[in-house]
K.L.:
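Let me begin by handing over the structure; questions about it come next.
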Amino acid sequence: MKPAWQLWRDRRGRLSALRMAALALLLLPVTKALFDAGDIVHGARPLNNLIHRAGFWALVFLGLTLAVTPLRRIARYGNLVDVRRMLGVGAFFYIAMHLTLFTADQRFDLGKVVHEISHRVYLIIGATAWLGLATLAATSTDGMVRRLGGQRWRRLHQAIYAIALLALIHYFQQTKADVTVPTFAASLFVWLIAYRLLAWWQETSELSTLNLLALSITVSILTFIGEAIGIGIAFHVSPLRVLAVAFDFSAGFRPGWQVLAAGLSVVVIDAVRARWSHRTARPPAVAAE
Ligand code: HEM
């Protein structure tokens with residue numbers, strides 16, 4: 001058996017290119033922070049900068065963990081499941097850094113940390129998501145899967161959807177002005193959940209290319225409508241005026257277009273992979289005459 005710390009090796013102890021790529025991806029935020037060290041140190045609030053980076057990347061890795069199941073089906077790449085646990089534990093690593101940096105920002109005064117968290121709704125929501133992620137990380141080992149039993153373990157780990165929702169609410173609440181990135185993150189989350197619901201409803205593990213296209217267009221339309229209503233309420237403007245801005249590309253691409261582009265990329269991958277597997281599938285054995 002391979003030592004658990006050799007993350008770049010698969011279960012059989014062989015070097016795995018996929019695992020090495022996942023590891024490089026997980027280390028990317030640290031590398032980028034080292035690269036930006038000069039700007040961070042000379043910025044107004046270095047610790048706050050790092051808190052934001054750690055929180056953002058934790059959310060990215062949480063999203064990637066949720067994307068593994070749809071992507072491995074769509075890309076017909078079952079091995080992808082091999083890095084799901086790494087990505088999930090990576091999300092927890094960054095969220096542990098997020099809280100540690102927040103504690104450092106409070107000069108390690110634990111009383112102040114508890115006081116701050118308990119007096120701000122967005123921090124209470126973040127802390128609840130934090131505890132949830134910690135529970136999932138602690139029960140992510142093979143030993144815990146055996147101890148809990150497959151079915152109980154799966155049920156417990158379904159909490160990841162609620163955790164991701166809380167993390168998104170926390171993200172929206174702490175965002176002061178531009179909600180473009182949180183809206184895009186939320187729309188991707190909706191896509192991932194809707195994919196699972198549709199597959200469950202159709203009692204299939206693979207959605208057709210047409211279904212993926214319909215799903216992507218629907219989530220894109222919902223994102224435009226949701227953003228228009230949200231901005232309309234927050235800034236007391238007509239949602240129709242906000243919708244009109246969606247077609248003014250000089251101001252950049254709104255999240256509705258971004259999620260549509262992401263969805264269409266997935267549709268293309270599905271169509272190409274479906275054709276490819278059709279071509280490479282073995283011809284059926286000819287019955288003996
Ligand atoms: C005890 C738990 C947590 C605490 C104390 C905490 C604290 C904070 C603080 C202080 C900020 C910056 C707010 C500001 O500058 O006004 C922040 C931002 C953020 N947090 Fe948390 N948080 C917690 C849990 C989480 C969790 C579980 C996630 C996601 C999995 C998360 C994701 C984020 C994100 C995405 C941001 C914004 C990053 C950006 O600006 O790009 N946080 N959090």
Side-chain angles (χ1 to χ4, degrees), residues 25-26 28-33 35-36 39-41 43-68 84-140 156-190 192-193 227 230 234 252 255 258-259:
L25 189 67
L26 286 167
L28 183 77
V30 177
T31 318
K32 184 154 185 338
F35 208 73
D36 298 343
D39 290 347
I40 298 173
V41 171
R45 293 180 63 194
L47 271 176
N48 194 260
N49 182 318
L50 292 174
I51 291 172
H52 277 262
R53 284 170 185 253
F56 177 77
W57 284 103
L59 197 63
V60 169
F61 291 125
L62 190 58
L64 285 178
T65 309
L66 284 173
V68 165
R84 187 168 54 188
R85 190 186 306 188
M86 264 170 91
L87 292 170
V89 175
F92 179 67
F93 169 79
Y94 281 100
I95 218 53
M97 291 304 298
H98 190 59
L99 183 56
T100 307
L101 289 159
F102 177 76
T103 310
D105 205 28
Q106 309 301 320
R107 297 172 195 279
F108 293 102
D109 179 344
L110 294 187
K112 195 157 176 246
V113 170
V114 173
H115 181 269
E116 283 291 314
I117 292 179
S118 58
H119 282 74
R120 290 169 208 261
V121 176
Y122 88 95
L123 291 183
I124 294 175
I125 291 175
T128 312
W130 198 100
L131 287 173
L133 266 180
T135 310
L136 298 195
T139 55
S140 68
L156 174 68
H157 278 246
Q158 274 171 356
I160 194 160
Y161 305 115
I163 293 170
L165 182 64
L166 290 176
L168 281 169
I169 296 173
H170 170 77
Y171 189 14
F172 266 103
Q173 285 183 315
Q174 70 79 52
T175 305
K176 270 101 196 166
D178 189 357
V179 289
T180 305
V181 185
T183 307
F184 176 52
S187 57
L188 287 180
F189 176 70
V190 169
L192 290 169
I193 299 295
E227 190 194 29
Q258 295 170 5
V259 74

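First listed ligand is number 1; within each ligand, the first listed atom is number 1. Because only heavy atoms are used, hydrogens play no part in the values below, and waters and symmetry mates are left out as well, while side chains stay in.
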K.L.:
For Ala167, take its heavy atoms, then give the atoms of ligand 1 lying under 4.0 Å from any of them.
P.N.:
29 (C), 30 (C)
K.L.:
Can you tell me the angle formed at atom 21 (Fe) of ligand 1 by NE2 of His98 and NE2 of His170, to 10°?
P.N.:
180°
K.L.:
May I ask you to list the atoms of ligand 1 that are less than 4.0 angstrom from any heavy atom of Leu123?
P.N.:
4 (C), 5 (C), 6 (C), 7 (C), 8 (C)
K.L.:
Under the 3.5 angstrom rule, does the side chain of Trp130 hit a backbone N or O of Ile95 as a donor-acceptor pair?
P.N.:
yes
K.L.:
May I ask whether Tyr122 has any heavy atom positioned less than 4.0 angstrom from an atom of ligand 1?
P.N.:
yes
K.L.:
Looking only at atom types and distance, does a side-chain atom of His98 sit under 3.5 Å from a main-chain N or O of Ile51, one as donor and one as acceptor?
P.N.:
yes
K.L.:
Taking only non-hydrogen atoms of Glu116, do any sit less than 4.0 angstrom from ligand 1?
P.N.:
no
K.L.:
Donor-acceptor pair, distance only, cut-off 3.5 Å: does the side chain of Tyr122 make one with the backbone of Thr175?
P.N.:
no
K.L.:
For atom 27 (C) of ligand 1, what is the closest protein heavy atom, and at what distance to 0.1 Å?
P.N.:
Ile95 CG1, 3.4 Å
K.L.:
Is it the side chain (CB and beyond), the backbone, both or neither of Phe56 that lies under 4.0 Å from ligand 1, heavy atoms counted?
P.N.:
both
K.L.:
Can you tell me how far apart CZ (Arg107) and CG (Leu47) are? Round to the nearest 0.5 Å.
P.N.:
9.5 Å
K.L.:
Identify which one of Leu131, Leu133, Ile125 satisfies the side-chain contact (heavy atoms from CB on, under 4.5 Å) criterion when paired with Leu166.
P.N.:
Ile125
K.L.:
Less than 4.5 Å apart, any side-chain heavy atom of Val30 and any of Tyr94?
P.N.:
yes
K.L.:
Using the six-membered ring wherever Trp is involved, compare the ring planes of Phe56 and Tyr171 and label them parallel, tilted or perpendicular (cut-offs 30° and 60°).
P.N.:
perpendicular
K.L.:
Say whether His52, considering both its backbone and side-chain N or O atoms, lies within less than 3.5 Å of an N or O atom on ligand 1.
P.N.:
yes
K.L.:
For ligand 1, which atoms, with element, lie under 4.0 Å from some heavy atom of Leu99?
P.N.:
1 (C), 5 (C)
K.L.:
Test of understanding: given a 4.0 Å heavy-atom threshold, classify the contact between Ile51 and ligand 1 as side chain, backbone, both, or neither.
P.N.:
side chain
K.L.:
Taking the side chain from Arg85 and the backbone from Ser140, do they hold a donor-acceptor pair closer than 3.5 Å?
P.N.:
yes
K.L.:
Without swapping roles, check the side chain of His119 against the backbone of His115 for a donor-acceptor pair under 3.5 Å.
P.N.:
yes
K.L.:
Would you mind running through ligand 1 and noting each atom that sits below 4.0 Å from a heavy atom of Phe102?
P.N.:
5 (C), 10 (C)
K.L.:
Of all the atoms in ligand 1, which lie at a distance below 4.0 Å from a heavy atom belonging to Ala127?
P.N.:
1 (C), 2 (C)
K.L.:
Using heavy-atom distances, let me know which of Gln173, Gln174, Lys176, Gln106 sits nearest atom 16 (O) of ligand 1.
P.N.:
Lys176
K.L.:
In the protein, what heavy atom is nearest to atom 34 (C) of ligand 1, and what distance, to one decimal place, separates them?
P.N.:
Gly55 C, 3.7 Å
K.L.:
I'd like to know if the side chain of Asp36 and the backbone of Asp39 have a donor-acceptor N/O pair within less than 3.5 Å.
P.N.:
no
K.L.:
What protein heavy atom is closest to atom 24 (C) of ligand 1, reported as residue, atom name and distance in Å?
P.N.:
Gly126 O, 3.4 Å
K.L.:
Please state which part of Asn48 comes within less than 4.0 Å of ligand 1, counting heavy atoms only: side chain, backbone, both or neither.
P.N.:
side chain
